[in-house]
Visitor: 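Can you keep this structure in mind? I'll have questions shortly.
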Amino acid sequence: MPTILTIEDDSAIRRGVVDALTYAGHEVLEEGDGTKGCDTALRRQFDLLLLDMVLPGKTGLEILAAVRNAKPTLPVIILSARGEENDRVSGLKLGADDYVVKPFSVTELLARVEAVLRRSPSRPTDVQQLDLSGTRIDFARSEAITEDTRTELSEKECDLLRYLARHQGRAVPREELLENVWQIDARGISTRTVDMHVARLREKLGPEAIATVRGRGYMIGGP
């Protein structure tokens, strides 16, 4: 069964949602804080996000924007109170798949969840392996493998490669990589950490493994 992450700060509502989803056979991840919830949403693998709009720490809209950036095809259902229509509209414009208005019944929630999951049968899973010009990246083992050699990759090098692979076909800006790979607010920060990690990966994988697109960022292979 699909795994579902619910981010909801009201403990009673969250417990009801978790119990209902668990009873229906789903695996459930839960967070009650916006900041922790955003971190879990970006780092963990799951199949659908149930997202409250009003949260301590990061707001639901901030989390949705970050998730849409990092996981553009992940299904998202907004949980909102009746008076949060503007947030609901903003969430739908940011790419939420559906919304449920509080208070809601277990039957309605499960029906919405199943409907959204049915509409999303071909959502891609996380990248497990990557082939780059004769080099195979095994993310589970953190290794770059050729016919003759195995080269160890650091955790952050794997995270960077995986993120670029998931967004293959477009140049990813440094700021986006800082926010989604390093979990750093990139606004106003001057750092060369992304460039240094790219340089080390080129040393290990070859200079053509990661291309620089001038003024736009980095991408797997070439444009």
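Worth knowing before you read on, the calculation uses all heavy atoms, side chains too, and leaves out hydrogens, waters and symmetry mates.
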Visitor: Would you mind reporting whether V101 and F104 have side-chain heavy atoms less than 4.5 Å apart?
Guide: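 Side chain of F104 against side chain of V101, heavy atoms only: no contact under 4.5 Å found.
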Visitor: Do V18 and V106 sit in one hydrophobic cluster, given that two such residues count as connected whenever their side-chain heavy atoms are within less than 4.5 Å of each other, even indirectly?
Guide: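 Same hydrophobic cluster.
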Visitor: Partners of E31 by salt bridge (Lys or Arg N to Asp or Glu O under 4.0 Å), sequence neighbours excluded?
Guide: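 Per chain and number, E31 pairs via salt bridge (Lys or Arg N to Asp or Glu O under 4.0 Å) with no residue.
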Visitor: List for me each residue that meets salt bridge (Lys or Arg N to Asp or Glu O under 4.0 Å) alongside D9, sequence neighbours excluded, and say none if there are none.
Guide: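 If we apply the salt bridge (Lys or Arg N to Asp or Glu O under 4.0 Å) test to D9, skipping adjacent residues, there are no hits.
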Visitor: Is any side-chain heavy atom of T6 closer than 4.5 Å to a side-chain heavy atom of V28?
Guide: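 Yes, close enough: below the 4.5 Å cut-off.
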Visitor: Show the nearest heavy-atom pair for residues G91 and L61, with the distance to one decimal.
Guide: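 Taking G91 first and L61 second, the nearest heavy atoms are N-CD2, 3.7 Å.
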Visitor: Could you tell me whether R14 and D10 have a side-chain N and a carboxylate O separated by less than 4.0 Å?
Guide: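 No.
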Visitor: Say whether T212 and R202, considering side chains only, have a donor N or O and an acceptor N or O under 3.5 Å apart.
Guide: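 Present: a donor and an acceptor within the cut-off.
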Visitor: Could you walk me through whether I78 and V100 satisfy the side chain to side chain contact (heavy atoms under 4.5 Å, CB included) test, starting with their C-alpha distance in whole Å, then the side-chain angles of each, then the deciding distance to 0.1 Å, before giving a yes or no?
Guide: CA-CA 6 Å; I78 291 172; V100 182; over 6 Å; no
Visitor: Does K204 have more than 12 heavy atoms from other residues, nucleotides or ligands lying within 6.0 Å of its NZ?
Guide: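 Yes - once you tally the heavy atoms of other residues, nucleotides and ligands closer than 6.0 Å, there are more than 12.
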Visitor: Taking only residues two or more places apart in sequence or in another chain, which ones pass ring pair (Phe, Tyr, Trp, His ring centres under 6.0 Å) with Y99?
Guide: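 So Y99 forms no ring pair (Phe, Tyr, Trp, His ring centres under 6.0 Å) with any residue.
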Visitor: List the residues meeting side chain to side chain donor-acceptor pair (under 3.5 Å) with E175, not counting sequence neighbours, and say none if there are none.
Guide: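 Not a single residue meets the side chain to side chain donor-acceptor pair (under 3.5 Å) criterion with E175.
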Visitor: List the atom of I63, the atom of G34, and the distance in Å for their closest heavy-atom pair.
Guide: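 Reported closest heavy-atom pair: CD1-O, 3.4 Å.
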Visitor: Measure from the side-chain N and O atoms of R136 to the backbone N and O of I145, and report whether any donor-acceptor pair falls under 3.5 Å.
Guide: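 No.
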Visitor: Considering only heavy atoms from C-beta outward, does the side chain of F139 approach that of L130 to under 4.5 Å?
Guide: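 Yes, at least one pair of side-chain atoms sits under 4.5 Å.
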Visitor: What pair of heavy atoms forms the shortest contact from L42 to A66, and how long is it?
Guide: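 Looking at all heavy atoms of both residues, the shortest contact is CD2-O, 3.7 Å.
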Visitor: Check whether any side-chain heavy atom of M219 lies under 4.5 Å from a side-chain heavy atom of V172, and answer yes or no.
Guide: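 Not in contact.
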Visitor: Can E176 and R170 be counted as an ion pair, charged N to O under 4.0 angstrom?
Guide: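 Looking at R170 together with E176, the answer is yes, because their closest N to O distance falls below 4.0 Å.
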Visitor: Which pairs, with at least one residue in residues 50-63 and sequence neighbours excluded, count as a salt bridge (charged side-chain N to carboxylate O under 4.0 Å, His left out)?
Guide: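 Those involving residues 50-63 are D52-K102.
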Visitor: Is there side-chain contact between W182 and V194, with heavy atoms separated by less than 4.5 Å?
Guide: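 Side chain of W182 against side chain of V194, heavy atoms only: contact under 4.5 Å found.
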Visitor: What residues, two or more places apart in sequence or in another chain, satisfy ring pair (Phe, Tyr, Trp, His ring centres under 6.0 Å) together with H26?
Guide: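 Ring pair (Phe, Tyr, Trp, His ring centres under 6.0 Å) list for H26, sorted by chain: empty.
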Visitor: Do L55 and L51 touch side chain to side chain, with heavy atoms closer than 4.5 Å?
Guide: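 A side-chain contact exists here, since the closest heavy-atom pair is under 4.5 Å.
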Visitor: In plain terms, say whether R162 and D159 are close enough for a salt bridge, that is, a side-chain N and a carboxylate O under 4.0 Å apart.
Guide: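 Salt bridge present between R162 and D159.
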Visitor: Is a side-chain N or O of R68 found less than 3.5 angstrom from the main chain of L74, in a donor-acceptor match?
Guide: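 Side chain of R68 to backbone of L74: a pair is present.
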Visitor: If you measure from OG on S142 to CD on E157, what distance do you get to the nearest 0.5 Å?
Guide: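 If we round to the nearest 0.5 Å, S142:OG and E157:CD are 9.5 Å apart.
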Visitor: From the options V76, L50, D97, select the one residue that forms a side chain to side chain contact (heavy atoms under 4.5 Å, CB included) with V116.
Guide: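 The residue from V76, L50, D97 that satisfies side chain to side chain contact (heavy atoms under 4.5 Å, CB included) with V116 turns out to be D97.
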Visitor: Do R112 and E108 meet the salt-bridge criterion of a basic N to acidic O distance under 4.0 Å?
Guide: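 Yes, E108 and R112 are salt-bridged.
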Visitor: Are Q45 and K71 packed together at the side-chain level, in the sense that at least one heavy-atom pair is separated by less than 4.5 angstrom?
Guide: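 They are in contact (side-chain heavy atoms under 4.5 Å apart), so the answer is yes.
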Visitor: Is the backbone of E143 close enough, under 3.5 Å, to the side chain of D138 for a donor and an acceptor to pair up by distance?
Guide: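 Judged by distance alone, no pair lies under 3.5 Å.
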